[in-house]
Amino acid sequence: MTSNMRTASAKELLQGINALLNANALYAILIQMGLAEDVEYSSSTGSGEIKSYTRLTEAGLLYGRNKESGFSASTTMVFYESAFLSLYIAACQEASGHASSLMPAPRTDDVIKNSPGAELGETPTPASPTKKRNRSQQISDPAALFLGWSYRIERHHWGTLGVTMRTFVKNKKPYTAWAVDTPPAYGFEQGYIFYSTDGTRYLQIASVNSEDFEVHTGLGGDDRRGYKISEAELVKWLELGSSPPENRRLYKGEGKAGAMSWLVVSPDQD
């Protein structure tokens, strides 16, 4: 990031988009995502009182900077206006995933009660999606599908990678279980962020269209790099950790992600 990019407080930027989160809620989610951290320091008054503040981590510096107060050891987080919407989307995704992880799997009687035609004695069926589904394969442990992947696939990412709860029927009795399509039906959206298993890199989906994705990657700071890749190449990147070839590179201003396209490095910065 460059120092001349416009910044503002989280409160101001959240108000500007009529966000459902307040600043404190956003900070809590950023800490959960590893983009921010609480830091303790001794009061400058010499009283020995221990105070604390929240600052952006190295990964969080992608979205803003820690502004020095000039009065104490603490800093204040300010965020880049051009990148804040992507940050907010990622935070909402994280919160939604956490909420989903708290919900138990639907019981069989709930499936029967809430399924179309159940009151008529018909066999319940899952709601029809916008895409035609391929054959669904039942799986017992979704997390096992992503063991060994180069990027962390958290529970709230399972649906993105095609893993969802489905209704099956055995001996004319319906039950629910985790399942994945063959081939998987992916659901990547703009703003999604994935972190490498060793915590050294991130992948962010900066733009999505019908043919390809604009994906940004980096370590945090000023090394953000852009690529134009297909959905299959994105999945391969998440699994194997191998970057796309250089002929897929996008440099500053070349992408379709609006202001975010101007955050990637230019050729002379490589």
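Treat the numbers as computed from the prediction; the structure is a model and nothing was measured. Computed from heavy atoms alone, side chains included, the values below leave out hydrogens, waters and symmetry copies.
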Give every donor-acceptor pair under 3.5 Å between a side-chain atom in residues 9-25 and any protein atom, sequence neighbours left out.
| unit_1 | atom_1 | unit_2 | atom_2 | d |
| --- | --- | --- | --- | --- |
| S9 | OG | E12 | N | 3.2 |
| N22 | OD1 | N24 | N | 3.2 |
| N22 | OD1 | A25 | N | 2.8 |

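- None of T7, L26, L56 except one satisfies the side-chain contact (heavy atoms from CB on, under 4.5 Å) rule with M77; the exception is L56.
- For the pair V180 and L161, the minimum side-chain heavy-atom distance is 4.5 Å or more.
- No side-chain N or O of D212 forms a donor-acceptor pair with one of S230 less than 3.5 Å apart.
- Enclosure of atom CD in E254 by more than 12 non-hydrogen atoms of other residues, nucleotides or ligands within 6.0 angstrom is indicated.
- Using cut-offs of 30° and 60° for the angle between ring planes, the F146 and W149 rings count as perpendicular.
- Under the side-chain hydrogen bond (donor to acceptor under 3.5 Å, both in side chains) test applied with Q204, the options H216, R224, E214 reduce to a single match, R224.
- The number of heavy atoms from other shown groups lying within 6.0 Å of CD (Q137) does not exceed 12.
- Without hydrogens or angle criteria, S150 side chain to G241 main chain gives a donor-acceptor distance under 3.5 Å.
- Taking the side chain as every heavy atom from C-beta outward, W158 and I153 approach each other to under 4.5 Å.
- Side chain of T176 to main chain of M165: no donor-acceptor pair is present (N/O by atom type, distance under 3.5 Å, no hydrogens or angles).
- Cation-pi check for R249 over Y227 is met; the charged atom lies under 6.0 angstrom from the ring centroid and within 45 degrees of its normal.
- Pairs passing the salt bridge (charged side-chain N to carboxylate O under 4.0 Å, His left out) check and including a residue from residues 13-26, sequence neighbours excluded, do not occur.
- Counting Ile, Leu, Val, Met, Phe, Trp and Tyr side chains that sit under 4.5 Å apart, directly or through other members, Y53 shares a hydrophobic cluster with V39, Y41.
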